[in-house]
Amino acid sequence: MDYRARYINETNGQHHTQQKQTDSSKFGGDIFKAISLSNKGTSQSERIHPMDVQMAVFHHADGFLKQLMVTKLSQCQYALPLLVPDPFTQQIEFPLWTFRQINKSWKMRNTNNEIISQTQPIYKAKTPMVSFFRFGSVSSSKSQLMNSLINEKHNTFFHRNCPGSSRTRVLMDGVVEIAWFCPSGKYDDKFTDCVAFCNLHGDAGDHEKQLQILTEMASVNVVLLPQLDRNDRSADIIQNLYRTTKPLICLFTEDESSVIQIEKEKFKIGLKYRNQSDVSEELRRAINDCLPKSSSTFRLVDVSKHSKDIKVDEEDNDDCRRGREAAQKMMSLIEEKDLTKIKIKESFLPCQENLWHKWSQKNKELHQPQGDELEKKISEKKTEMMEIREKQYSSDISEFMKLFIKGMDSHAKHEKIFFLKWLRILLDEHTSADLSSLHNKYNETWKTFIELKDNSDKPEQHKAKQADLESISKQLQAAAFGLEHIMREIGQIYESCSSVKKNKKDLQIHFSSLPSLAAEMMISGFPLELMDGDAAHVPVIWISAVLDQLIQKLGDQRVFVLSVLGIQSSGKSTMLNAMFGLQFAVSAGRCTRGAFMQLVKVSDEMKTQMNFDYILVVDTEGLRSLELAGRSTTHHDNELATFVVGLGNLTLINIFGENPSEMQDILQIVVQAFMRMKEVRLNPSCVFVHQNVSDVTAGEKNMEGRRRLQKTLDEMTKLAAKDEICDAQCFSDVIRFDVQNDVKYFAQLWEGSPPMAPPNPNYCENIQELKKTIMSHASKSHGIMLKDLKKRIKDLWEALLNEQFVFSFRNSLEISAYRKLETEYSNWSWSLRSAMMETENKLYNLIENETIHKVEETDLHKQLKETSEEVKKLMSEFFEKDKDKDILIQWKTSFDIKIKELHKNIVKETKRKLNEILDQRDLKKKIDSERTHHENTLYEKSKELALKLKGKAKDKETLKKEFDLFWEQSVKKIIRDTPAITDIDIIEDLRKILSDIYQGRLPVDHWKESENIFHVQSYNDYVKVKKTCGLTGALTNVYRSAKGKLGYFLSKDDEAQIKSLVTDVVQQTDKIIQSFNISKMGYNISYIQQLTGYIKKTLTKHEEEQVKYVFKKEFFMDLVYSICKRTNKRITDQHRMFREANDPMIYVEKKREEYYSIFQKHCHGATSAAIFGEIICQKLKEPIEQSLYKKTARDLAGEMRTNCESLNGNRLNLEKHILKKLAEQEDFDKYMNYIKNPRDHFKSFIRDEVSRYITDKFIVSVLPKMKENIKLLQQKIMEAAHKSTEHVQVIRGDVGLWLKSFKQQLSGELIFSEKDLSGVKHDDFEDFNLLEDAIRQELPAIMSDIRFNTFDKKLDLTFRPDELLTDHFCQCCWVQCPFCKAICTNTIENHNGDHSVPFHRAWESIPKRIDSEALGIESRFQRLESSISEFKDAALLANSD
């Protein structure tokens, strides 16, 4: 794009000064004689005319090179060849094909003085045309005069006074060149409309055919000639021009007169002895006078209509013609369609848009599961994704796509390239009008929107304009229809067929051939979409298949990946075009975003300097696009940027101007994303390019700017590193960057004001300097093999899918502020939950005591009001006073809503839970109250049955059948009104809570991969070194370098600290869980939240102490997971007990046999006393069972303390037996568990010992104890019944008094309440002896139903013998020696004084006995020794590098 290339002087010989050495006296001092003699025998060096060079290349070029040449000439604001005579045959060629890629933009004013913008392909632009000819030999330059009309500062047409010009030229005579003047909409524009200027080189009289064509097409003819002479051979031609109706302007080089209008639209201007600027101004005015009156307009595509003898390149080239016909056939299908309507585009491209976008969204959700998503839900998503693929597969291929595939599959190489180029040209032509109109509409709406934004009185209008903007944005997206959309459809056809593993029925070729077509396109120089920015997704299957085909066609070539990142309209595309001649897929005015890749072949000469065969340029489109703002999000832009930077060996970061703020924000997110994506090994580097810097010395002057850039990048890297617990200290630790050499300043692109300004030569020099820098980076890089690139794309994209959190923010400051807000939110939410749990506990007691009978939300809101007000106050203070308040304010509304929702939900949840407890209580009361009715009904039924079945009373089958029918009907009614208590899933609740904490950022497979933290060999992988670890200067770099390669190694002291921390957390969480009283109150997810909150708080507190490390988030997650997994059974068992006691279904089922027995007795005519006696015995069964089990457990624990060798001493004795057992088992894992988790191992050993003892001694010890205890209980019950009978008979009391006395007699032995029997109908009876006899008769049967061999399973966890013994042995100190892991023998937990142990285990050279003071010294020595060792290792490693 350097227009100065035209002025390179070329001669047949060397440039030199001719010298003639003669005797000076020979001329006698006569200059006239000397000059005269010096002229003899000398001549001017034969110089090659620059335009001959241009035309020679043009004549020898193929269609593609000609088009490239003309496009570049147009970019340089040079005139273009319009009519070109063949040098040998003089056949005139019209190179229409070469104009097809040129677009011109201009602005003009309408009748209302409004500026109208126009952008059109130049071949179809309808403009007036001014043609210039000369007749004869003239002294003035016609081309120079034309330049003064178009751009007086630039030589649009090459003329005789240009550098390098010569008198002789071979190939330019007869050539017609064309150039356009494009107005800028300013009042000082030379012409108010776009005007074409044609220049016929040479004497017009010698080129009649060209003259005839031009005069026919022209709106104004301008003739340059010495003077008018009737005898001149051109007199007739000029006479004919004068007689036509078209305006004619004659310029006479031998005439001195100023402009004279001879007659209407006929002018005469003299040039002799006149100032050229005056002549130019007169000529401009004359042309402006003529143009409005001329009806003639000119279009390039119509040139061939003016002569049949012209050869049109598009028609003469068979490949070009066939390619055009194939493209036109496709275009005929969409010519009459309104593409701004979304459905129209979908009809041609059914596999993308809605279906592809849905699939992409599902895939992202699959990689970012929320905490409450079960495997079933994940499976459902996969099924939905497969269904979308099925829909894509079953959708019909449009006729449009069929024609494209046919064109790509059947044509020869050149024909295929012509076909693709034609298709791109025609698509651009078809969509440009709609896009231009929509852009103008968007701009107008945007202006109104901004005005309304400042006017707070019109919120509704402002909202309506916002909706309009979003609507126009969607129309812009729909109207964009280019080659990239067609290839996107091909990719989706391939991916859908690949997923279902079948070929589409209407696909002409096998789907496996489609990637080959795309690979051929890339080899031919066309770009391919790598990341669909609209769906924000990489079609990995398609891209992998295309790269496989590239490997197959080219071999596994080594490529250097050059990524380019820049905000829209920052000059990025122009830079790539100037540097590599690349034309990416996005045409002017198209609103597409995404990443595109294009292959650039490295020349054989360059291969000697570099280690690769191709440069793969990855370009981004649509970053921070205004028109896409309705759909675009910061998230998508950040994701796109991270992807291309991660992919590149080098990234060009393009910035418009000297302020990098926009790109800085994106880069911060990129850096933080890289820190999070540890599994993808990335080593990117970058170069900053500042475009449009006007000061040529900016590079030297802007050292302060560079320093600020470096400082800003480093600061944001440190901020991100702090969040991610990463070691990076500066930007170049993450992305390689040298502030001295990797910051480039580019001059302004245009030399003057567009649209007529040529490219700035300094810009071109800057491009070359940048190219050298890229090559310098490339020469030091090994690039990447294509097969490895395929893997990198897949790995990088997978990592991006799993790390979505950071992409939602503008920069690292936002992330840091948001995380701080998350922490505060956690505290606020816990305050509300904690207050509500306290309220819930109070209300539960009131419910149990039957003080309240209904819980209302208003009551709960009142209870929570004080805490809620306090939380609001804390929130307000945080958002108003925090140092990051300006950043935080954007989330204030959303977090206000979140807190309100939380408040509402916990109130609703608490109300639901308490009302369920009320319902359960009322249901039990209802069942008990209805029992009287049931018994009365049964009593009546039994009487009726007795009469009906007289003599058949022993028919049990009939009785059972009648009872079952009655029972089924009764139970259905009871269960229907009250919901059952559901099972719980603690691990899934934990997943939900952690997902809330990390905002859905949990790795997909973390739960599958997470370790049991109690069994890990070392905690090295769970920690990172603190920033302030005491290292300074050069040693810091050495240490960081070593640590970067080897990771952070914990000392033994550190390992012991963390081990102790884990043990403490486990002990405390056990106590917390015990305090929940789940067996009585049931399970609540807030219990798990309380556990995670405690663990998080404990870890944070530990990190704030004098430790050299901080924990990774994986440590917290694995610790919480391991603790929950460990306590899962305990919590589940307690909830099961709660359920068995409170679930209506279970409750009613328990009573089935009791009811049946009463039913039988009624049927058999039993007395009321006998029936009541049985009911009492049935009620006593469970209390008897629990009392028996507890007494047996206590007795067993005491017996084992006496008779079991391992348990009959102190803890040291127990430890001896543990070690003995480990030695016998020879199980290394168990031994390591004992060393690392002694408390858990002790508990496990005690459980095993108790279980073994019960099994071994069941017959001889356990069973006798239980029988003895049950006998004693039976005696006590009968004594209580007898005493109650005597008491009632003495005072003549009733049944109620008997029950009260009976309960008091047993209160020390059983948990039994007379209210359990209140409401049970029993006929009043006075014979309490009969009742006593009934109890004596029924009690043995109840006792015999109790199962002895399950007592330890049915007993509450707290009362089991192993728990009793565990409490006895394990309520002591568990601190371990940091060296040998021996356990402190003090029997008091958190005791005063030092820890001690009588014998240490063998450990290197430590003495057998060590007192506490020595242990302290040794420990301090070990820490020092460990630090020195780390420094030595780090230094050695750094030196080896």
Side-chain angles (χ1 to χ4, degrees), residues 1-6 8 10 48-88 91-103 121-123 158 170-172 175-178 300 311-324 327 411-425 428 483 520-527 574 576-584 598-606 614-615 617 759 764 767 771:
M1 283 174 57
D2 191 342
Y3 67 79
R4 298 174 302 181
R6 174 181 275 183
I8 296 172
E10 290 293 337
I48 300 175
H49 198 286
M51 294 304 292
D52 281 344
V53 175
Q54 175 183 307
M55 295 311 298
V57 175
F58 187 84
H59 283 299
H60 283 83
D62 65 5
F64 303 125
L65 181 55
K66 281 182 181 178
Q67 189 179 69
L68 179 63
M69 279 181 66
V70 170
T71 305
K72 292 289 184 184
L73 286 170
S74 176
Q75 288 170 350
C76 290
Q77 297 293 355
Y78 280 143
L80 315 177
L82 177 65
L83 298 175
V84 183
D86 186 284
F88 303 104
Q91 168 76 47
I92 297 172
E93 181 186 20
F94 169 39
L96 177 58
W97 168 250
T98 64
F99 291 90
R100 292 287 185 180
Q101 283 191 332
I102 299 170
N103 291 292
I122 200 60
Y123 64 84
F158 193 91
V170 181
L171 300 174
M172 279 304 291
V175 173
V176 176
E177 288 188 303
I178 186 168
L300 273 175
K311 182 174 75 173
V312 182
D313 58 351
E314 292 178 354
E315 301 298 332
D316 193 53
N317 187 319
D318 291 338
D319 289 336
C320 182
R321 180 173 45 76
R322 285 194 291 266
R324 182 188 63 200
H411 295 148
K413 180 183 175 182
H414 278 80
E415 186 178 334
K416 196 180 297 183
I417 296 173
F418 272 115
F419 166 66
L420 290 170
K421 282 181 172 285
W422 268 114
L423 187 58
R424 187 155 66 183
I425 289 164
D428 284 350
L483 203 52
E520 287 173 9
M521 277 182 63
M522 286 192 70
I523 294 168
S524 299
F526 287 88
T574 305
L576 286 175
N577 186 281
M579 193 153 42
F580 298 114
L582 300 184
Q583 293 283 347
F584 271 92
Q598 190 163 348
L599 276 175
V600 178
K601 187 171 175 59
V602 175
S603 66
D604 293 336
E605 181 187 351
M606 294 299 289
Y614 288 88
I615 295 174
V617 181
C764 303
I767 287 284
K771 208 168 183 179

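Residue numbers start at 1 and run along the sequence shown. No experiment lies behind these values; they were computed from the predicted model shown.
- Shortest non-hydrogen contact noted between Leu73 and Pro81 is CD1-CD, 4.4 Å.
- Between atom OG1 of residue Thr71 and atom NZ of residue Lys66 there is a gap of 13.5 Å, rounded to the nearest 0.5 Å.
- Judged by distance alone, the side chain of Gln77 and the main-chain N or O of Pro759 form no donor-acceptor pair under 3.5 Å.
- At a threshold of 4.5 Å between non-hydrogen side-chain atoms, the residues Arg322 and Phe418 do not count as touching.
- Cation-pi contact between Arg6 and Phe158: absent, since separation from the ring centre below 6.0 Å together with deviation from the ring axis within 45° is not met.
- Rounding to the nearest 0.5 angstrom, the gap separating the CD atom in Gln91 from the CG atom in Asp316 is 8.5 Å.
- For the atom pair CG (Asp86) and NE2 (His59), the distance works out to 7.0 Å, reported to the nearest 0.5 Å.
- Residues Gln75 and Asn577 form a side-chain contact, since some pair of their non-hydrogen atoms from C-beta on lies under 4.5 Å apart.
- Remark: side-chain polar atoms of Ser524 are paired, donor with acceptor, to backbone N or O of Glu520 under 3.5 angstrom.
- Rounded to the nearest 0.5 angstrom, Phe580 CZ and Leu599 CG are separated by 12.0 Å.
- Put simply, the side chain of Asn317 does not reach to within 4.5 Å of the side chain of His414, judged on heavy atoms.
- Here CD of Gln101 is found 8.0 Å from CG of Leu68. Values are rounded to the nearest 0.5 Å.
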Step-by-step side chain to side chain contact (heavy atoms under 4.5 Å, CB included) determination, Val170 to Ile48: CA-CA 9 Å; Val170 181; Ile48 300 175; over 6 Å; no
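- Contact detail for Tyr123 and Leu96: the closest heavy-atom pair is CB-CD1, 4.3 Å.
- Counting heavy atoms from C-beta on, the side chains of Arg100 and Glu314 come closer than 4.5 Å.
- Trp97 places no side-chain N or O within donor-acceptor distance of the main-chain N or O of Cys320, the cut-off being under 3.5 Å.
- When side chains are defined from C-beta on, Thr98 does not count as touching Leu80, because their heavy atoms never get closer than 4.5 Å.
- The shortest heavy-atom contact between Gly323 and Trp422 is C-CD1, 3.9 Å.
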Trace of the side chain to side chain contact (heavy atoms under 4.5 Å, CB included) decision for Asp313 with Phe94: CA-CA 6 Å; Asp313 58 351; Phe94 169 39; over 6 Å; no
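- Of all non-hydrogen atoms in Met51 and Met172, the two that sit nearest each other are CB-CG, 3.4 Å.
- What you find for Arg424 and Pro527 is that their closest heavy atoms are NH1-CD, 4.3 Å.
- For the atom pair CG (Leu65) and CG (Asp62), the distance works out to 6.0 Å, reported to the nearest 0.5 Å.
- Across every non-hydrogen atom of Ser74 and Ile102, the tightest pair is OG-CG2, 3.4 Å.
- Glu315 has its side chain within reach of Arg324: a pair of non-hydrogen atoms, C-beta onward, lies under 4.5 Å apart.
- Residues Ile178 and Phe99 are in side-chain contact: their nearest non-hydrogen atoms beyond the backbone lie under 4.5 Å apart.
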Test log, rule side chain to side chain contact (heavy atoms under 4.5 Å, CB included), inputs Leu483 and Met521: CA-CA 11 Å; Leu483 203 52; Met521 277 182 63; 4.2 Å; yes
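- Looking only at side-chain heavy atoms (C-beta outward), Met55 and Val84 come within less than 4.5 Å of each other.
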